[in-house]
Protein chains: 2
Amino acid sequence: MPDIHDEAALRLAALDQRYTPNRREIVQVLAGAERPLTINEIVDVAPSVPVSSAYRSLTVLSDAQVIRRVAGNDDTGRFELAEDLSGEHHHHLICSNCGTVVDVAASPRLEKALAEAAKAAAEESDFEVHEHRIDLVGRCSNCQ
Amino acid sequence: MPDIHDEAALRLAALDQRYTPNRREIVQVLAGAERPLTINEIVDVAPSVPVSSAYRSLTVLSDAQVIRRVAGNDDTGRFELAEDLSGEHHHHLICSNCGTVVDVAASPRLEKALAEAAKAAAEESDFEVHEHRIDLVGRCSNCQ
DNA sequence: TTTACTGCAAAGGGTTTGCAACATG
DNA sequence: CATGTTGCAAACCCTTTGCAGTAAA
């Protein structure tokens with residue numbers, strides 16, 4: 001498993017993009033988080049990065065598959081490291097009240113059932129399924 | 001199974017809200033769609049409804065559980081009829097290119113596996129899980 | 001006759017972009 | 001040096017809100 005930053009630099013290079021201190025800092029922040037972060041949360045932790053640059057960097061990093069955009073319950077964009085960089089496959093618990101997103105490990109049994117269902121759905125609908133997303137929506141301990 | 005509009009009126013009444021022609025038209029549009037619609041799509045089909053009213057009505061209908069907001073891959077809000085009004089439980093195919101969301105029927109096997117996984121996750125994380133969401137992300141036939 | 005609803009227009013908030021300066025390969 | 005990147009500020013777009021008028025219980 002290569003270093004996250006080395007791999008990030010590689011993936012950016014494939015798009016003729018550079019791995020600048022700005023982008024490195026964003027990746028570092030996401031690598032240190034145990035849940036997807038909003039742009040606000042990111043720039044709060046990395047105040048040296050201007051908001052506009054954060055938006056641009058997140059777009060580029062997302063294009064390069066270094067990070068991934070996560071859809072929550074609200075329209076606030078959240079970001080996490082790409083799964084193949086961060087470690088293991090996981091899903092999300094989403095609080096319908098405050099919008100917080102928490103990671104949760106995937107279960108093999110569930111993954112197997114999902115793989116079957118995805119195959120069937122793809123055939124039926126002429127979709128080419130690349131990935132899946134399972135969200136459990138409810139109330140976090142703070143909002144119950 | 002009562003009529004959709006009767007049931008919608010009931011649920012609104014429970015919140016001291018009225019089932020006006022505006023709201024009825026929105027429900028009618030969503031009832032006739034076979035996939036979640038964006039606000040733009042809704043007002044395109046129902047031009048008599050001003051945009052600001054559409055936003056307000058969708059909020060109220062959503063609070064009353066007549067409709068449900070659906071998160072796609074982008075930040076565009078999409079809406080569909082509540083599942084208990086529209087018929088059967090389903091999941092979504094999301095095109096990562098154009099953002100379109102298509103309904104797909106749920107499989108019993110998948111639901112069972114998910115129920116187990118949700119139980120485990122809820123216990124671990126102190127979440128109170130109310131519903132789940134399964135999205136298959138890929139390319140629709142148009143965007144392949 | 002009280003309370004909810006509507007529609008317009010203005011305000012708001014998050015995101016994107018133009019541009020000139022800078023940095024990197 | 002050619003191209004990608006940055007930071008500021010302005011522009012943008014979608015969504016929300018104030019308000020005065022309307023309609024429904």
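On a predicted model such as this, the values are computed, not experimentally measured, just so you know.
Under a cut-off of 6.0 angstrom, the local environment of CD in B/Gln65 is sparse, with at most 12 non-hydrogen atoms contributed by other residues, nucleotides or ligands.
Residues A/Asp84 and A/Arg11 are paired through a salt bridge, judged by an N-O separation under 4.0 Å between the basic side chain and the carboxylate. Remark: A/Glu124 does not engage A/Lys119 in a salt bridge, criterion side-chain N to carboxylate O under 4.0 Å.
Contact annotation: A/Thr20 reaches the phosphate of D/dT6 (side-chain N/O to OP1 or OP2, under 4.0 Å). A sub-4.0 Å separation between OP1 or OP2 of D/dT5 and a side-chain N or O of A/Asn22 is absent. The side chain of B/Ser53 contributes no N or O atom lying less than 4.0 Å from OP1 or OP2 of C/dT6.
Between the P atom of D/dG7 and the CD1 atom of A/Ile26 lies a distance of 10 Å, rounded to the nearest Å. A straight line from CD of B/Gln17 to P of D/dA23 spans 19 Å, rounded to a whole angstrom. Distance B/Asp74 CG to D/dC14 C1': 13 Å, rounded to the nearest Å.
Side-chain to base pairing of A/Arg23 with D/dT6: no donor and acceptor N or O lie closer than 3.5 Å to each other. For D/dG7, its base sits under 3.5 Å from the side chain of A/Arg56 at one donor and acceptor pair at least.
Contact annotation for B/Asp16: backbone-only contact, meaning every heavy-atom pair under 4.0 Å involves sugar-phosphate atoms and none involves a base.
Taking the ring centroids of A/His132 and B/His91, they lie at or beyond the 6.0 Å cut-off.
Nearest-nucleotide mapping onto DNA chain D: of A/Val60 and A/Ser52, the residue sitting toward the 5' end is A/Val60. Along DNA chain C, the nucleotide closest to B/Ser57 and the one closest to A/Thr76 are compared, and the more 5′ of them pairs with B/Ser57. Toward the 5' end of DNA chain C, the nearer of the two residues A/Arg18 and B/Ser48, judged by each one's closest nucleotide, is B/Ser48.
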